[in-house]
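As the structure is a computational prediction, the values presented were derived from the model and not from experiment. Note: hydrogens, waters and symmetry copies are ignored here, and every other heavy atom, side chains too, is used.
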Amino acid sequence: MGIKGGRGDFEWVYNDQPHTSRRKEILAKYPEIKSLMGPDPQLKWVVTGMVLTQLLACYLVHDLSWKWVLFWAYGFGGCINHSLTLAIHDISHNVAFGNKQARWNRWFAMFANLPIGLPYSASFKKYHIDHHRYLGGDGLDVDVPTDLEGWFFCTPFRKVVWLFLQPFFYALRPLVVNPKPVSRLEALNALVQFIADILIYYLWGLKPVLYLISGSILCMGLHPISGHFIAEHYMFLKGHETYSYYGPLNLITFNVGYHMEHHDFPSIPGSRLPLVKKMAAEYYDSLPQHTSWVRVLWDFVFDDSIGPYARIKREYKLVKQE
């Protein structure tokens with residue numbers, strides 16, 4: 001493709017993210033889209049069913065051999081846990097109980113976090129706000145890889161390693177790029193999570209705990225569903241920093257593939273994002289989109305012009321709050 005961003009440096013731009021202007025233009029033309037905003041009453045029941053499914057799975061795997069524990073962790077449990085991280089993503093926008101019940105959203109996110117095995121929801125919420133407000137912001141958006149990642153993970157083999165280790169980079173990168181004090185909510189999230197892990201260990205032993213944690217790590221690494229991490233904002237075409245995917249994997253990922261629509265309207269639940277595309281089709285149909293997350297991973301690994309550097313970055317003139 002010949003774009004800058006595969007090797008050498010990020011693509012620096014000096015204009016605002018496109019979602020702000022497109023949001024205003026769409027709302028001016030289709031004000032009825034505002035009716036899609038607000039909580040999704042079904043979300044809490046779907047998430048509760050997923051959490052209970054994983055609890056049942058913990059009981060079912062506790063007598064299996066280790067190879068089958070890992071098999072089911074990657075092929076089943078990890079898919080549910082990855083989907084739960086995307087439910088937490090939706091809940092971080094207060095779409096489970098609405099903006100007026102923000103605390104209920106935070107507590108429910110901790111409940112959705114339980115099968116993941118490691119505390120995640122509170123920290124995600126803290127940094128995800130910056131990802132939307134300062135998309136690609138240098139030192140602000142921790143979704144963008146560091147210079148070290150871009151410099152080192154530039155060959156097919158190294159990019160495969162980077163994909164496999166993605167959960168660890170997502171966990172550790174904020175501590176380097178934009179460190180923030182640990183909040184009381186994060187401490188509570190960790191306490192609740194570790195109590196749940198200890199309780200599962202007490203009831204059924206070590207295998208269910210490792211089933212949950214290994215599934216989360218494996219399926220957020222080198223896994224077809226994890227293609228969305230790359231598909232969302234990596235610059236496959238010069239000048240385009242957000243892409244949507246409208247394929248079947250949206251059915252198990254809370255429509256995270258509708259990513260342009262999501263960044264245009266983050267307060268609309270994932271379940272209603274297809275309606276945004278339908279109502280304002282002329283704004284989205286002509287934009288670049290992905291047709292396969294597996295193909296995204298393949299191209300990312302083997303296309304020399306794409307790598308961790310293939311991201312748009314911009315500087316925001318502001319005083320960072322501590």
Side-chain angles (χ1 to χ4, degrees), residues 1 3-6 8-31 33-34 36-37 89-90 92-95 99 124-147 149-150 170 173-174 177-178 180 228-245 255-270 272-273 276-277 279-290 305-322:
M1 298 180 187
I3 62 172
K4 181 182 178 183
D9 195 3
F10 299 102
E11 180 83 1
W12 288 88
V13 299
Y14 301 94
N15 53 0
D16 192 15
Q17 57 174 290
H19 303 287
T20 305
S21 58
R22 187 162 58 227
R23 179 186 309 120
K24 292 178 181 178
E25 190 174 337
I26 291 176
L27 285 177
K29 188 173 183 179
Y30 300 107
I33 282 181
K34 291 182 180 179
L36 301 177
M37 300 175 183
H89 164 255
D90 241 18
S92 74
H93 293 285
N94 293 335
V95 300
N99 290 321
F124 177 83
K125 165 67 175 177
K126 181 170 69 174
Y127 285 102
H128 191 62
I129 296 172
D130 291 341
H131 171 62
H132 277 269
R133 187 176 297 161
Y134 309 117
L135 181 64
D138 186 37
L140 294 167
D141 184 358
V142 300
D143 188 64
V144 178
T146 62
D147 275 300
E149 292 171 71
Y170 268 94
R173 192 184 298 139
V177 174
N178 188 13
K180 298 182 180 184
H228 79 86
F229 287 126
I230 307 300
E232 290 165 0
H233 296 294
Y234 283 78
M235 193 172 57
F236 282 75
L237 288 176
K238 185 176 177 65
H240 293 273
E241 62 184 314
T242 307
Y243 303 77
S244 283
Y245 155 81
N255 285 328
V256 74
Y258 287 75
H259 216 66
M260 287 185 292
E261 294 83 350
H262 170 64
H263 271 264
D264 288 352
F265 301 100
S267 59
I268 294 179
R272 298 176 192 153
L273 290 176
V276 174
K277 182 179 184 298
M279 294 167 73
E282 70 271 25
Y283 286 93
Y284 298 109
D285 287 347
S286 61
L287 293 174
Q289 57 188 253
H290 293 294
S305 69
I306 305 172
Y309 265 142
R311 291 291 296 262
I312 285 178
K313 289 189 76 173
R314 49 175 62 85
E315 290 186 0
Y316 287 87
K317 304 296 182 181
L318 57 95
V319 177
K320 290 171 63 177
Q321 296 181 352
E322 299 295 334

Less than 6.0 Å separating the ring centroids of H262 and H19?
-> no
Do side-chain atoms of N94 reach the backbone of N99 as a donor and acceptor pair under 3.5 angstrom?
-> no
Any side-chain heavy-atom pair from Y316 and D16 closer than 4.5 angstrom?
-> yes
Output for pair (D141 CG, I312 CD1), nearest 0.5 Å, gives 12.0 Å
Are any of the side-chain heavy atoms of E315 and W12 separated by less than 4.5 Å?
-> yes
Residues P145 and P308: closest non-hydrogen pair is CG-O, 3.4 Å
Roughly how far, to the nearest 0.5 Å, is CG of N178 from CZ of R173?
-> 12.5 Å
Does any pair with a residue in residues 281-290 pass salt bridge (Lys or Arg N to Asp or Glu O under 4.0 Å), and if so which ones, sequence neighbours excluded?
-> K29-E282, K277-D285
State the OH-CG distance between Y245 and N255, to the nearest 0.5 angstrom.
-> 10.5 Å
Flag the pair I26 / F265 as yes when at least one side-chain heavy-atom distance between them is below 4.5 Å, and no otherwise.
-> yes
Going through the distances and angles, do D264 and Y283 end up as a side-chain hydrogen bond (donor to acceptor under 3.5 Å, both in side chains)?
-> CA-CA 11 Å; D264 288 352; Y283 286 93; over 6 Å; no
Are the side chains of Y127 and K180 in touch, meaning some heavy atoms are under 4.5 Å apart?
-> yes
Could you tell me which residues satisfy ring pair (Phe, Tyr, Trp, His ring centres under 6.0 Å) with Y243, sequence neighbours excluded, listed by chain and number?
-> H290
Any side-chain heavy-atom pair of Y258 and V276 under 4.5 Å = no
Minimal non-hydrogen separation, L36 against M279, with atom names | CD1-SD, 3.8 Å
Only one of V144, V142, D143 passes side-chain contact (heavy atoms from CB on, under 4.5 Å) with V177; say which it is.
-> V142
When you look at Y309 and D147, which way does the side-chain contact (heavy atoms from CB on, under 4.5 Å) test go after all the steps?
-> CA-CA 8 Å; Y309 265 142; D147 275 300; 3.3 Å; yes
Could you state the interatomic distance from CZ (R22) to OG1 (T242), rounded to the nearest 0.5 Å?
-> 7.5 Å
What's the spacing between I306 CD1 and L237 CG if we round to 0.5 Å?
-> 8.5 Å
Check H263, E232, E261, H259 against S244 for a side-chain hydrogen bond (donor to acceptor under 3.5 Å, both in side chains) and give me the one that passes.
-> E261
Non-hydrogen atoms of T146 and F10 that approach each other most closely | O-CZ, 4.0 Å
What's the spacing between Y14 OH and R314 CZ if we round to 0.5 Å?
-> 11.0 Å
Using the benzene-type ring in the case of Trp, are the ring centres of H233 and H131 under 6.0 Å apart?
-> yes
Side-chain heavy atoms of I33 within contact of I268, under 4.5 Å | yes
Minimal heavy-atom distance between S305 and A310, with the atoms involved, is O-CB, 4.4 Å
Using a 4.5 Å cut-off on heavy atoms from C-beta on, say whether the side chain of E241 contacts that of P18.
-> yes
State which residue, out of K238, R311, K313, fulfils the side-chain hydrogen bond (donor to acceptor under 3.5 Å, both in side chains) condition with E11.
-> K238
Heavy-atom nearest pair, H128 first then S92, reads CD2-OG, 3.7 Å
